[in-house]
Amino acid sequence: MLKLSASFAALAVLLPLVSAQAAEWGQCGGIGWTGATTCVSGTTCVESNAYYSQCLPGLPTSTSSASGSSSTSTAKLQTVAKAAGKLYFGTATDNSELTDTAYTAILDDNTMFGQITPANSMKWDATEPTQGTFTFSGGDQIASLAKTNGMLLRGHNCVWYNQLPSWVTSGTWTNSTLTAVIQNHCSTIVSHFKGQVYSWDVVNEPFNDDGTWRTDVFFNTIGESYVPIALNAARTADPNAKLYINDYNIEGPGAKATAMLNLVTSLKQQNVPLDGVGFQCHFIVGELPQGLAANWARFTALGLEMAVTELDIRMTLPSTPALLAQQKTDYTTVISACMSVAGCVGVTVWDWTDKYSWVPSTFSGQGAACPWDQNFVRKPAYDGIAGAFQA
Ligand SMILES: *[C@@H]1O[C@H](CO)[C@@H](O)[C@H](O)[C@H]1NC(C)=O
């Protein structure tokens with residue numbers, strides 16, 4: 001008995017030591033975790049999410065911190081963008097990410113980001129899930145975050161073929177009933193955020209890659225005039241918001257860019273309210289289109305502003321030092337193009353960290369598209385962005 005008690009006493013004394021290192025597969029971190037934060041030899045503490053980190057067998061995987069592949073810039077991106085004469089460097093964010101305190105610690109730095117875009121919560125399915133019933137809680141949270149942090153807000157978006165509730169896609173419409181639906185949707189969401197939004201993507205992705213009109217419910221029912229209908233409704237709802245048309249694969253010259261140029265030229269000629277064109281810039285490492293700046297200048301020559309609205313540059317995984325170096329070059333190319341076009345007002349990345357990038361779930365086998373990795377470590381791409389603003 002005495003021996004047993006002694007053993008228990010010894011165990012009790014040892015407990016703090018035992019808990020100082022978590023066992024293989026044991027928890028080693030997360031919000032609210034008060035236990036061991038280091039792992040036993042041969043295992044590494046890996047974050048699963050903000051609430052749970054676990055000791056996994058093996059050494060730390062070398063990602064962007066591999067020798068020669070890390071960021072060294074001490075510049076803050078909004079600071080250098082402003083100093084370069086741009087309005088903002090910004091990022092998309094999403095409501096579900098805002099509970100991640102390590103994420104918001106970086107997001108909330110307005111010397112890093114001068115602008116945010118809600119990735120999803122102002123889209124049609126989020127704002128008018130049932131006809132005539134509007135829900136703004138998600139959008140309001142992003143709008144109030146922008147206000148609290150002193151950041152510009154981009155509204156995204158009014159009319160788009162995707163993420164539509166089924167009552168829109170499956171409704172039985174005439175030209176005039178669907179026109180009324182667009183007018184009500186755009187005017188209600190734009191007026192709700194009136195005074196809080198720097199620019200709105202009023203129309204998103206109207207064209208196919210060959211430059212023909214995308215045949216969605218809006219085009220099929222109304223024809224091209226759904227575009228001025230939406231723009232006019234938005235202008236009336238918030239006369240001070242910059243109204244944009246936003247698309248991808250229009251960044252370099254080509255059939256789709258020409259279609260967009262022809263559309264915006266025609267809208268300007270008809271005095272339809274339009275202030276800017278958004279070039280999404282979802283790119284692939286090593287495969288950037290040529291002639292970005294010259295193409296963008298064709299649009300700003302019409303008296304429009306433009307912005308890089310959804311920048312990310314993905315690669316086939318796994319990332320390597322060579323891919324990360326090329327990615328840095330590619331980010332530099334995009335920022336340099338914006339720098340050389342006076343009407344390029346700002347650049348928005350489609351989230352700043354790989355942890356919340358849309359890429360891996362959309363493009364199988366691809367990822368690592370953002371300037372920060374999934375552990376919030378800056379990549380060489382970060383230095384590419386900072387350096388181009390400072391050039
Ligand atoms: C729908 O009505 C508008 C006028 O509001 C007109 O410009 C347009 O051509 C019509 N579309 C079709 C497909 O008839």
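A quick note: this is a predicted structure, and the numbers were derived from the prediction, not measured. Position 1 is the first residue of the sequence, and the numbers go up from there. Counting starts at 1 for both ligands and their atoms, in listed order.
- Using a 4.0 Å cut-off between heavy atoms, T179 makes no contact with ligand 1 at all.
- Here D275 pairs with R235 in a salt bridge; the nearest charged N to carboxylate O distance falls below 4.0 Å.
- If you check which protein heavy atom lies closest to atom 1 (C) of ligand 1, you get N175 ND2, 1.4 Å.
- Distances from ligand 1 to the non-hydrogen atoms of T221 include at least one value under 4.0 Å.
- Salt bridge status for K256 with D247: present, with a side-chain N to carboxylate O gap under 4.0 Å.
- Contacts of C370 classified as disulfide bond (SG atoms under 2.5 Å apart), with partners at least two apart in sequence or in another chain: none.
- In this structure, atom 4 (C) of ligand 1 has no protein heavy-atom contact shorter than 4.0 Å.
- Regarding atom 9 (O) of ligand 1, its nearest protein heavy-atom neighbour is S225 OG, 4.2 Å.
- Qualifying disulfide bond (SG atoms under 2.5 Å apart) partners for C338, counting only residues two or more places apart in sequence or in other chains: C344.
- Checked options L267, T265, L261; the residue passing with L263 is L267 (criterion: side-chain contact (heavy atoms from CB on, under 4.5 Å)).
- Judged by a 6.0 Å distance limit and a 45° cone about the ring axis, R154 is positioned over the six-membered ring of Y244.
- Against a heavy-atom cut-off of under 4.0 Å, I222 is close to the following atoms of ligand 1: 1 (C), 8 (C), 10 (C), 11 (N), 12 (C), 13 (C).
- By the 3.5 Å distance cut-off applied to N or O atoms, G223 is not counted among the residues near ligand 1.
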